[in-house]
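For ligands, and for the atoms within them, numbers begin at 1 and follow the listed sequence.
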Amino acid sequence: MQILRPITSNDFAAFKQIAIESGHGFTSLPVDDQLLQDKISRSERSFSKQLDKPFDEGYVFVLEDSETGEIMGTTAIEAAVGMQVPLYHYHMGKTVHHSRTLDVYNTVEILSMCNDYTGCSEICTLFLREPFRKGLAGRFLSRSRFVFMADHEARFSDTVIAEMRGVSDSQGNSPFWKWLQEHFFSIEFPQADHLVGLGDKVFISELMPKYPIYANLLSQDAQAVIGKVHEKTKPALKLLEKEGFEHRGYIDLFDAGPTVEAKLKNIRTVQRSVVAAVNITSDVSGKARAISNQGLANFRATFTDKCSYDSTTNTLNVEPCVAQALELSNGDLVRTFTL
Ligand SMILES: CC(C)(COP(=O)(O)OP(=O)(O)OC[C@H]1O[C@@H](n2cnc3c(N)ncnc32)[C@H](O)[C@@H]1OP(=O)(O)O)[C@@H](O)C(=O)NCCC(=O)NCCSC(=O)CCC(=O)O
């Protein structure tokens with residue numbers, strides 16, 4: 001079975017392998033042993049903290065094949081972003097240049113730097129290793145975060161964002177960054193991206209243009225990637241759009257990838273999942289469902305067709321192997337949704 005659970009220090013080697021595979025532009029997973037270890041320790045502390053509101057917790061999950069022990073992928077949730085180190089975005093607005101005398105009316109797009117998403121929760125670090133990108137695993141990995149958030153609502157903000165990886169090539173060249181580099185910075189995109197991944201963002205406030213930028217003054221190549229995602233990130237965006245996430249004009253400072261947002265309570269998986277009592281029984285089969293045990297440090301979730309939901313009794317019938325994998329006993333409550 002494929003089990004989603006909190007990361008532990010034993011997962012370090014697999015986590016590092018995922019950081020290597022994720023490549024350039026995947027800011028939240030730099031290949032840096034100390035940083036990856038720190039992320040794991042911070043996650044372990046976050047899962048065990050007693051809290052009634054979010055601050056700077058970071059929850060990291062891994063998807064494990066319980067038969068082989070192989071780690072298939074990872075994902076994470078930041079409880080509240082920008083609280084320790086400022087979180088910057090460009091917001092795309094419009095300004096109108098109008099001359100009645102000359103009968104000229106031009107609408108120009110303006111990029112203004114802001115910290116508008118400070119305090120929001122962020123889903124991030126979604127990565128399923130290439131051999132496993134088939135079937136329902138990717139969908140499960142993305143959507144399961146929302147059931148965790150629904151079950152531990154007080155730990156998160158009511159607004160959830162996702163910063164989508166923007167366009168860059170296999171060498172890590174980003175057309176948007178190239179323009180910024182030429183005019184304001186002298187370092188390469190992978191180095192800037194790496195510094196941000198390490199949390200070292202001071203250089204942004206030191207070197208970033210201080211005034212709003214007219215988008216039409218950027219190079220054509222830079223303009224073309226504003227609000228666009230990396231080819232490999234299109235499935236991740238599609239999954240979020242199906243959940244109701246929207247792009248409201250915020251983009252990443254460096255690669256111009258879109259940041260999308262949704263209210264936690266409006267996310268489709270939150271709305272459509274149900275909390276049901278478990279009935280452990282043999283020979284059950286039905287539509288594939290995701291099931292979580294609603295735990296915190298002992299959070300476990302899986303997806304299976306060895307289950308069936310009875311809406312009249314609000315009961316989820318599951319086979320013993322499913323109950324065992326999720327550490328469930330008869331009558332325990334689970335959150336479940338159809339995949
Ligand atoms: C994102 C995942 C985990 C998704 O897994 P899979 O690729 O197996 O998913 P899938 O079920 O095959 O595809 C999901 C949905 O995307 C659609 N889809 C597939 N390819 C597409 C394309 N090129 N353009 C548009 N849509 C596409 C599928 O039809 C499906 O929609 P239907 O359901 O309608 O059939 C994976 O692709 C991955 O690891 N990608 C590389 C890493 C990455 O870039 N991660 C995001 C970084 S940005 C980030 O982490 C923040 C965002 C976040 O955390 O969610």
Ring center gap for [X] and [Y] short of 6.0 angstrom:
{"X": "F245", "Y": "F146", "value": "yes"}
{"X": "F337", "Y": "Y309", "value": "no"}
{"X": "F47", "Y": "F148", "value": "yes"}

Option with minimal heavy-atom separation from [atom], where the choices are [options]:
{"atom": "atom 8 (O) of ligand 1", "options": "R133, E21, E122, M72", "answer": "R133"}
{"atom": "atom 51 (C) of ligand 1", "options": "E163, E243, R145", "answer": "E163"}
{"atom": "atom 9 (O) of ligand 1", "options": "G257, A162, S142, P235", "answer": "P235"}

Q: Give the atoms of ligand 1, by number and element, whose distance to some non-hydrogen atom of R165 is under 4.0 Å.
A: 42 (C), 43 (C), 44 (O), 48 (S)
Q: Check ligand 1 against M164 and write out every atom of the ligand that is under 4.0 Å from a heavy-atom position of the residue.
A: 52 (C)
Q. Taking the six-membered ring for Trp, are W179 and F184 parallel (under 30°), tilted (30 to 60°) or perpendicular (over 60°)?
A. tilted
Applying a 4.0 Å heavy-atom criterion (strictly less than), which segment of [X] is in contact with ligand 1: side chain, backbone, both, or neither?
{"X": "K238", "answer": "side chain"}
{"X": "F26", "answer": "side chain"}
{"X": "T125", "answer": "backbone"}
{"X": "L136", "answer": "neither"}

Q. Looking at residues at least two apart in the chain, or sitting in another chain, which of them share a side chain to side chain contact (heavy atoms under 4.5 Å, CB included) with T313?
A. D310, T315
Q) Is the number of heavy atoms from other residues, nucleotides or ligands within 6.0 Å of NZ (K49) greater than 12? A) yes
For [atom], what is the closest protein heavy atom, and at what distance to 0.1 Å?
{"atom": "atom 50 (O) of ligand 1", "answer": "L126 N, 3.1 Å"}
{"atom": "atom 24 (N) of ligand 1", "answer": "K234 CB, 3.5 Å"}
{"atom": "atom 40 (N) of ligand 1", "answer": "K232 O, 3.4 Å"}
{"atom": "atom 35 (O) of ligand 1", "answer": "R139 NH2, 3.9 Å"}
{"atom": "atom 5 (O) of ligand 1", "answer": "G138 CA, 3.4 Å"}
{"atom": "atom 11 (O) of ligand 1", "answer": "G135 O, 4.3 Å"}
{"atom": "atom 33 (O) of ligand 1", "answer": "K242 NZ, 2.6 Å"}

Q: Taking all heavy atoms of E44 and all of S9, pick out the closest pair and write down the distance.
A: OE2-N, 3.1 Å
Q) Hey, is the main chain of V60 close enough, under 3.5 Å, to the side chain of S43 for a donor-acceptor pair? A) yes
Side-chain atoms of residues 297-304: list all donor-acceptor pairs with protein atoms under 3.5 Å, sequence neighbours left out, distances to 0.1 Å.
unit_1: N298; atom_1: OD1; unit_2: L296; atom_2: N; d: 3.3
unit_1: T302; atom_1: OG1; unit_2: Q2; atom_2: O; d: 2.7
unit_1: T304; atom_1: OG1; unit_2: K306; atom_2: N; d: 2.8

(Q) Assess whether a salt bridge exists between K232 and E130, defined as any Lys/Arg side-chain N lying under 4.0 Å from an Asp/Glu carboxylate O. (A) yes
Q. Non-hydrogen atoms of E130 versus ligand 1: any pair closer than 4.0 Å?
A. no
Q: Dump the intermediate steps for side chain to side chain donor-acceptor pair (under 3.5 Å) on T269 and E243, then the final yes or no.
A: CA-CA 7 Å; T269 296; E243 293 291 324; 2.7 Å; yes
